[in-house]
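Computed from a predicted structure; not experimentally measured. Just so you know, these numbers use all the heavy atoms, side chains as well, and skip hydrogens, waters and symmetry mates. The first residue of the sequence shown is numbered 1, and numbering continues consecutively from there. First listed ligand is number 1; within each ligand, the first listed atom is number 1.
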Amino acid sequence: MAPGQNSISSKYVAVIGAGASGLIAARELHREGHTVVVYEREKQVGGLWIYSPTTESDPLGLDPRRPIVHSSVYESLRTNLPRECMGFRDFPFVPRVDDLSRDSRRYPSHREVLAYLQDFAREFKIEEMVRLETEVVRVEPVEGKWRVRSKNSGDLSDDEIFDAVVVCSGHYTEPYVARIPGIKSWPGKQIHSHNYRVPGPFKNEVVVVIGNFASGADISRDVAKVAKEVHIASRGREADTYEKLSVPTNNLWIHSEIETACEDGSIIFKNGKAVHADTVVYCTGYKYKFPFLETNGYMSIDDNRVEPLYKHVFPPALAPGLSFVGLPGMGIQFVMFEIQSKWVAAVLSGRVTLPSPEMMMEDVIASSAMLEALGIPKRHTHKLGKIQSKYLDWVAEECGCQLVEPWRTKQVDRGYGSLVSNPENYRDEWDDDDLIKEAYEDFASKKL
Ligand code: FAD
């Protein structure tokens with residue numbers, strides 16, 4: 001059914017979070033004719049791209065009473081994907097040559113991503129829908145609607161009733177700390193990448209970095225500029241892995257994963273090597289957490305699987321009043337947020353219908369069984385990897401929007417490939433000029 005027909009209805013919708021996912025959700029909901037309130041606890045929009053030099057009181061982020069710092073961005077961070085594939089589709093993330101203060105590099109710094117998101121919010125008048133410095137502290141269903149309790153900077157609390165709530169609160173704030181045998185009696189310092197900002201505190205230290213993907217690759221190289229030695233523990237590597245890297249700083253080793261940590265301060269790797277380390281930095285990822293959500297036990301998070309969720313967006317018995325945008329991590333992010341948001345907006349207006357709760361639940365059960373049959377651990381439920389574009393095309397077809405452009409998928413695949421094969425220089429050397437050309441032709445065609 002086309003927009004504008006009688007059964008299309010406009011809803012009063014709360015969006016939680018004004019990061020990339022909340023901003024595009026607000027835009028798509030508004031475009032579909034809904035009235036939107038975006039709750040954001042920070043002083044500005046942009047989410048995790050708002051760099052803060054402040055870190056949490058507990059460097060591992062395990063103390064449940066610690067005041068939360070949302071962002072996990074470190075000072076030297078540049079994007080880990082090329083800018084063309086990152087931006088929203090009708091607002092491409094292209095260099096702002098009209099403004100010399102902006103970062104025009106293909107893999108720009110975190111400040112440029114924040115500036116892009118704030119440009120986007122301004123362009124589409126999303127800021128007008130945002131209540132800044134307002135934290136959502138409770139969301140619960142009441143008689144077919146949703147009560148949202150929020151608290152503003154003056155600690156004043158407010159309850160408001162909405163037809164629907166879209167959760168866009170991000171999932172890179174609650175550290176996942178890998179378990180290491182013997183670590184409890186190991187005497188050194190431990191920190192999670194969520195609380196890493198600058199290399200200075202690691203001067204002359206021997207540092208073990210756990211994890212060698214995006215953050216691990218970056219932080220190990222950043223720390224190596226000032227540390228005595230940096231040793232990367234890489235789980236994906238063969239047990240006998242032991243390599244010394246001569247670039248960029250000649251003090252960096254890659255090992256297989258850690259076997260054990262010892263009371264005398266040493267860390268022993270599976271390759272049999274031991275180092276006496278001052279600090280362990282965990283670049284081991286994050287956990288989903290929605291402390292404000294009260295669903296009377298219907299939803300839960302088990303081994304980092306948020307369940308039950310139909311296609312990572314709708315909890316069957318609570319849909320469409322409750323939905324989640326942005327849960328799947330890695331790969332295409334902003335455009336995934338865009339496509340999921342279009343789906344949520346269309347379902348809420350009645351333009352697109354969901355299957356019955358029973359049928360959605362059957363799909364949830366079948367998807368879980370498939371992951372199990374493939375030997376994919378539960379904690380990887382929302383890591384779509386190679387099937388992401390198939391997933392996105394399914395959602396796009398469901399709500400009648402454009403499928404993911406093949407150049408975008410190829411850029412992401414090649415981008416991650418070069419991150420792994422050339423972690424030192426992938427941001428400044430590339431071999432996909434053909435894809436850049438295709439991307440810019442696509443942007444130009446959309447302007448016509
Ligand atoms: P966030 O940006 O985290 O936004 C969530 C918002 O919700 C925040 O503003 C927060 O304050 C607010 N919020 C949370 N709880 C509440 C509450 N209770 N009440 C009110 N407000 C609340 N992706 C890429 O595409 N390219 C990259 O190069 C890239 N680099 C990354 C580097 C790092 C270190 C990390 C951690 C992630 C990176 N990502 C990258 C992935 C990133 O997830 C996405 O780019 C995206 O910005 C996430 O947006 P989001 O809106 O889902 O979450």
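In terms of polar-atom proximity, V73 is not counted as a contact of ligand 1, lacking any N or O under 3.5 Å from an N or O of the ligand. Checked by distance only, ligand 1 and A20 come closer than 3.5 Å through their nitrogen or oxygen atoms. Between S21 and ligand 1, at least one pair of N/O atoms sits closer than 3.5 Å.
Of all atoms in ligand 1, listed by their number and element, those nearer than 4.0 Å to a heavy atom of M86 are 24 (C), 25 (O), 26 (N). Listed by atom number, the atoms of ligand 1 under 4.0 Å from E135 heavy atoms are 18 (N), 19 (N), 20 (C). Under a 4.0 Å criterion applied to the non-hydrogen atoms of F334, ligand 1 contributes the atoms 45 (O), 46 (C), 47 (O). Close contacts between ligand 1 and C168 involve ligand atoms 5 (C), 6 (C), 7 (O) [criterion: under 4.0 Å to a heavy atom]. Taking every non-hydrogen atom of T134 and a distance limit under 4.0 Å, the qualifying atoms of ligand 1 come out as 20 (C). The atoms of ligand 1 that sit less than 4.0 Å from any heavy atom of Y172 are 36 (C), 41 (C), 42 (C), 43 (O). Shown in contact with E42 at under 4.0 Å from a heavy atom are these atoms of ligand 1, numbered in order with element: 11 (O). Applying the 4.0 Å criterion to heavy atoms of F292 picks out, from ligand 1, the atoms 18 (N).
Between Y286 and ligand 1 there is no heavy-atom distance shorter than 4.0 Å. Not a single heavy atom of G326 sits under 4.0 Å from any atom of ligand 1. Heavy-atom distances between N80 and ligand 1 reach below 4.0 Å in at least one pair. At a 4.0 Å cut-off, at least one heavy atom of F337 sits close enough to ligand 1 to count as contact.
Using cut-offs of 30° and 60° for the angle between ring planes, the W343 and F314 rings count as perpendicular. Aromatic ring orientation, Y172 versus Y286: perpendicular (interplanar angle above 60°, classes split at 30° and 60°). Relative orientation of the Y12 and F162 rings is parallel, given thresholds of 30° and 60° on the angle between their planes. Y196 and F202 have tilted rings, their planes meeting at an angle from 30° to 60° on a 0 to 90° scale.
Side chain of T173 to backbone of H70: a donor-acceptor contact under 3.5 angstrom is found. Under the 3.5 Å distance criterion, the side-chain polar atoms of Q388 are matched with a main-chain donor or acceptor of I332. Looking only at distances, no side-chain donor or acceptor of E174 sits under 3.5 Å from a matching main-chain atom of H171. The main-chain N or O of L348 is never found under 3.5 Å from a side-chain atom of H34 such that the two would form a donor-acceptor pair. Without hydrogens or angle criteria, H194 side chain to V73 main chain gives no donor-acceptor distance under 3.5 Å. For Y298 (side chain) and A317 (main-chain N/O), a donor-acceptor pair under 3.5 Å exists by modelled atom type.
Nearest to atom 11 (O) of ligand 1 among the protein's heavy atoms is E40 OE2, 2.7 Å. Here the protein heavy atom with the shortest distance to atom 18 (N) of ligand 1 is V136 O, 3.0 Å. Summary of contacts: the protein heavy atom closest to atom 3 (O) of ligand 1 is H70 NE2, 2.7 Å. Closest to atom 34 (C) of ligand 1 among all protein heavy atoms lies S72 O, 4.0 Å. For atom 13 (N) of ligand 1, the nearest protein heavy atom (residue, atom name, distance) is R41 NE, 4.0 Å. When hydrogens are left out, the protein atom nearest atom 38 (C) of ligand 1 is W49 CZ2, 4.3 Å; that is the closest non-hydrogen contact. Protein heavy atom nearest atom 33 (C) of ligand 1, with residue, atom name and distance: L48 CD1, 4.4 Å. The single protein non-hydrogen atom nearest to atom 53 (O) of ligand 1 is G170 CA, 3.3 Å, given as residue, atom name and distance.
Applying the ring-ring contact (aromatic ring centres under 6.0 Å, His included) rule to pairs touching residues 92-114 yields Y51-H110, F93-Y116, Y107-Y426, sequence neighbours excluded.
With a 6.0 Å cutoff to the six-membered ring centre and a 45° limit on the axis angle, R27 counts as a cation-pi contact of F124.
Within the set G17, S169, P108, S193, the minimum heavy-atom distance to atom 14 (C) of ligand 1 is found for S169.
Of the listed residues (R105, R102, R78), just one forms a side-chain hydrogen bond (donor to acceptor under 3.5 Å, both in side chains) with E112, and that residue is R102. Of the residues I68, I16, T134, the one that meets the side-chain contact (heavy atoms from CB on, under 4.5 Å) test with R41 is I68.
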